[in-house]
Amino acid sequence: MVSGELRDDIAARIKEEADIVQIIGECVELKRSGTRFLGLCPFHGEKTPSFSVHSGQQFFHCFGCGASGDVFTFMMKYHSLDFPEAIKSLAGRYHIEVPEPRRSKEDELRKKKRELLFSVNEKAATIFSQYLRESQGAKTAASYLHKRGVTEDILSRFRIGYAPSVEVEGWNYLGGKFSGAELKIAIEAGLLVEKEKGGTYDRFRDRIVFPISDISGRVCGFGGRIVGEGQPKYLNSPESPVFNKSKLLLGLYQQKEDIRRKNEAVLVEGNFDLISLVAGGCTNVVAPLGTALTREQLRLIKRFAERATLLFDGDVAGTQAAVRGVPFFLAEQLVGKVALLPDGHDPDTFIREKGLTALNQLLEQAETLPEFVLNRLIQEYGLTLDGKSRIVEELRPLIKAAVSPLQRSVFVSHFAEKLGMATEHLDGHLNSFPEKPVAPLTPAPPVKRARDERIVPLSMSQRQVVEFMILQPKYFSKLEDGGVRECLAGGVGEILFLQLKGLLAQNPLAEPEELLTVLSEGAERSLVAELLLRAPSRLHGGTGDNSPEECSDLLDYLQKYHLKKSSEELMERMQRAQQDGDLGLVQELMVKKIEITRKLHGEHL
């Protein structure tokens, strides 16, 4: 490997040579504005430029989403590279030599085999695609695709092809295109099957074929759907050194920029579900390859988006598939939602019959995955004593999958409220019940944790709220009624809110110091200790107590916070309605936004 010192030296040389404006300008249209350059941020959707590139200091910053960094950061984020890959890419561009690590003979052979597998798969993809476009033997397949609304643009984008039937081209049409070393590699790739008495025959016959690519666009394998009679209906390439279906997603290579721009991926189950949604205008969509969703696949999505919505059939199988995915979402700390289709519909039929606007409305109403699971368990078991016991048992793997104390604390508190249980009782049951055998998760590298777990830091305003909430617990109920939890959601403040709420439920006269008795070592305890150390006079009745006025000011702040949040949500809904051409809804939302704006300016406060 290249040593750290040498790598740092190479990185410094690259930064001296590289022109960040030129590098970013190849991906983003930039216009000079004084000493900087402005453009539309490639990392989130926006209509007004907020993406700033500074040539002198050699850095970029987006004032919309907060993305920021140097030329390496941009290459890694935009092109989904790791740091060594970014160095190698830029070094090649500026003719800076990067010493290659020494490889063993076995490593060289593995590398060569992978390159040959990619090459043979690429050749096969071209053959299948040309056959669909040019051969009379593909008329039935072409007609089938046309009836399903697959356009020329979709055929080209996904490189859809056709593997001819035995009746038209015989058993070894593809095999006849390879010889020598390529033939052996085609067998290893699963494109051809060896006969016991010698020779080969095609694995894919009379099938519409979808090349399956990695995020770099290299063809790893294929998925084929039967056109005529025959089983199985869907057939994938077998596992190979370059094809592992649990680590790939159909459509990710083609749709990754749409997913990045929307910061969300929509997951469907079938190849044609994906194709139909893209053809219908839903472009941030991917599909697993006929298997249950895996943690590795979510890890791929996480490179491009922070959210993913499962769009599944509303039958039992669809519900079970959503439930199985919850632990993986939690383990990867990816925000997951689920949208179930109406009875009798799959994604393909729904968008063809109802259209994009109806689909967007369905996705907008999607439930968060933990909420979805809990609601389904309540429907199944009810809220009797026995039902609650069974629900708690079913929730155990879900809670166990939470990888941070914050995540676990929020879930336990929320589930306890829904089940009508005290938070500490539910927590105790989850820790004491014998665990049911659970199928092991898909093998994955262990999650690396920082020495001190990172928790979302408090803003200045949030810190003032937290400080008052802790030091003046007698006003806790007023702050709670004012929506303080929502203001602190997702950070250390919410953990302290939940802990303080539990403490006051046991002892309404509890003093702030008692909070330290229920907090373990970590960021929350350190913050409380610091506040107690800095504010002794407020704790012990110091002169000039103005806490009623301060509480009133904070309640005003919370009210404005919620109004601003509502205003932002309305603006997002207005933009979607405008894109969908729903002018009536735009007008209705505009009236609501004007009313909120008036309240924010104090006209009705």
Side-chain angles (χ1 to χ4, degrees), residues 20 23-30 37-53 59-83 85-86 89-90 153-154 157-158 212-218 247-268 274-275 277-288 293-311 328-329 332-337 339 356 359-360 363-364 366 572 575-576 579:
I20 193 169
I23 298 291
I24 296 179
E26 293 172 0
C27 309
V28 180
E29 185 177 347
L30 297 173
F37 292 80
L38 288 176
L40 296 175
C41 180
F43 305 123
H44 80 286
E46 63 177 7
K47 294 182 179 179
T48 303
S50 64
F51 185 77
S52 176
V53 183
F59 79 95
F60 70 89
H61 179 78
C62 176
F63 294 93
C65 68
S68 183
D70 59 12
V71 66
F72 296 112
T73 312
F74 181 84
M75 291 292 291
M76 292 162 65
K77 191 171 178 66
Y78 187 85
H79 297 288
S80 299
L81 306 175
D82 58 24
F83 187 57
E85 289 170 338
S89 175
L90 289 168
D153 176 62
I154 295 295
R157 187 187 309 183
F158 291 92
I212 300 160
S213 303
D214 62 15
I215 59 173
S216 301
R218 298 176 298 185
K247 297 181 179 180
L248 294 165
L249 286 163
L250 180 65
L252 183 59
Y253 170 66
Q254 291 85 357
Q255 307 307 128
K256 61 185 179 183
E257 292 308 319
D258 292 278
I259 292 169
R260 191 204 306 273
R261 188 171 61 255
K262 295 180 181 180
N263 199 25
E264 181 177 15
V266 176
L267 283 131
V268 295
L274 180 147
I275 296 301
L277 290 190
V278 174
C282 179
T283 54
N284 57 324
V285 58
V286 292
L293 189 63
T294 68
R295 185 170 174 179
E296 290 88 344
Q297 289 167 335
L298 290 180
R299 198 174 290 135
L300 280 174
I301 291 172
K302 194 177 173 183
R303 295 175 69 171
F304 301 95
E306 296 174 338
R307 305 186 304 272
T309 299
L310 307 177
L311 181 62
F328 302 144
F329 275 89
E332 289 302 318
Q333 293 190 292
L334 187 70
V335 177
K337 294 185 176 183
L356 181 60
L359 178 67
N360 285 337
L363 293 173
E364 191 176 326
E572 290 178 3
Q575 290 173 349
R576 285 196 294 269
Q579 290 171 358

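It should be emphasised that the depicted structure is a prediction, and the values quoted were computed from it without experimental measurement.
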My understanding is that only residues two or more places apart in sequence, or in another chain, count here; which of them pass side-chain hydrogen bond (donor to acceptor under 3.5 Å, both in side chains) with [X]?
X: Q254; answer: none
X: E364; answer: R576
X: S89; answer: none

Next on the checklist: Can you classify the ring geometry of F51 versus F74 as parallel (below 30°), tilted (30 to 60°) or perpendicular (above 60°)?
Outcome noted: tilted
What is the distance from atom [atom1] of [X] to atom [atom2] of [Y], rounded to the nearest 0.5 Å?
X: L293; Y: L249; atom1: CG; atom2: CG; result: 7.5 Å
X: R261; Y: L40; atom1: CZ; atom2: CG; result: 11.0 Å
X: E257; Y: F304; atom1: CD; atom2: CZ; result: 7.5 Å
X: L300; Y: I259; atom1: CG; atom2: CD1; result: 10.0 Å
X: K302; Y: R295; atom1: NZ; atom2: CZ; result: 8.5 Å
X: N284; Y: L252; atom1: CG; atom2: CG; result: 11.5 Å

Might you point out which heavy atoms bring [X] and [Y] nearest each other, and give the distance in Å?
X: F329; Y: L310; result: CZ-CD2, 4.0 Å
X: L38; Y: P49; result: CB-CB, 4.5 Å
X: A287; Y: L274; result: N-CD1, 3.5 Å
X: C282; Y: L359; result: CB-CD2, 3.8 Å
X: A339; Y: L363; result: CB-CD2, 4.3 Å

Would the distance check show the side chain of [X] and the main-chain N or O of [Y] forming a donor-acceptor pair, the cut-off being under 3.5 Å?
X: E85; Y: D82; value: yes
X: S68; Y: F60; value: yes
X: K337; Y: A308; value: no

Within the structure provided, determine whether [X] and [Y] are in side-chain contact (heavy-atom separation under 4.5 Å).
X: L250; Y: V286; value: no
X: T283; Y: L277; value: no
X: V285; Y: L267; value: no
X: N263; Y: R307; value: yes
X: H44; Y: C62; value: yes

Item to check | Exceeds 12 heavy-atom contacts within 6.0 angstrom, atom OH of Y253 | outcome: no
Item to check | Neighbour count above 12 (heavy atom, 6.0 Å) for E26 CD | outcome: yes
Checklist entry - Is R157 paired with D153 through a side-chain N to carboxylate O contact shorter than 4.0 Å? => result yes
Next on the checklist: Distance to the ring centre below 6.0 angstrom and angle to the axis at most 45 degrees; does that hold for R260 and Y78?
Outcome noted: yes
Next on the checklist: Exactly one of M76, K77, M75 should register a side chain to side chain contact (heavy atoms under 4.5 Å, CB included) with H79. Which one does?
Outcome noted: M75
Next on the checklist: The test is side chain to side chain contact (heavy atoms under 4.5 Å, CB included); show your working for T294 and K247 and say whether it passes.
Outcome noted: CA-CA 8 Å; T294 68; K247 297 181 179 180; over 6 Å; no
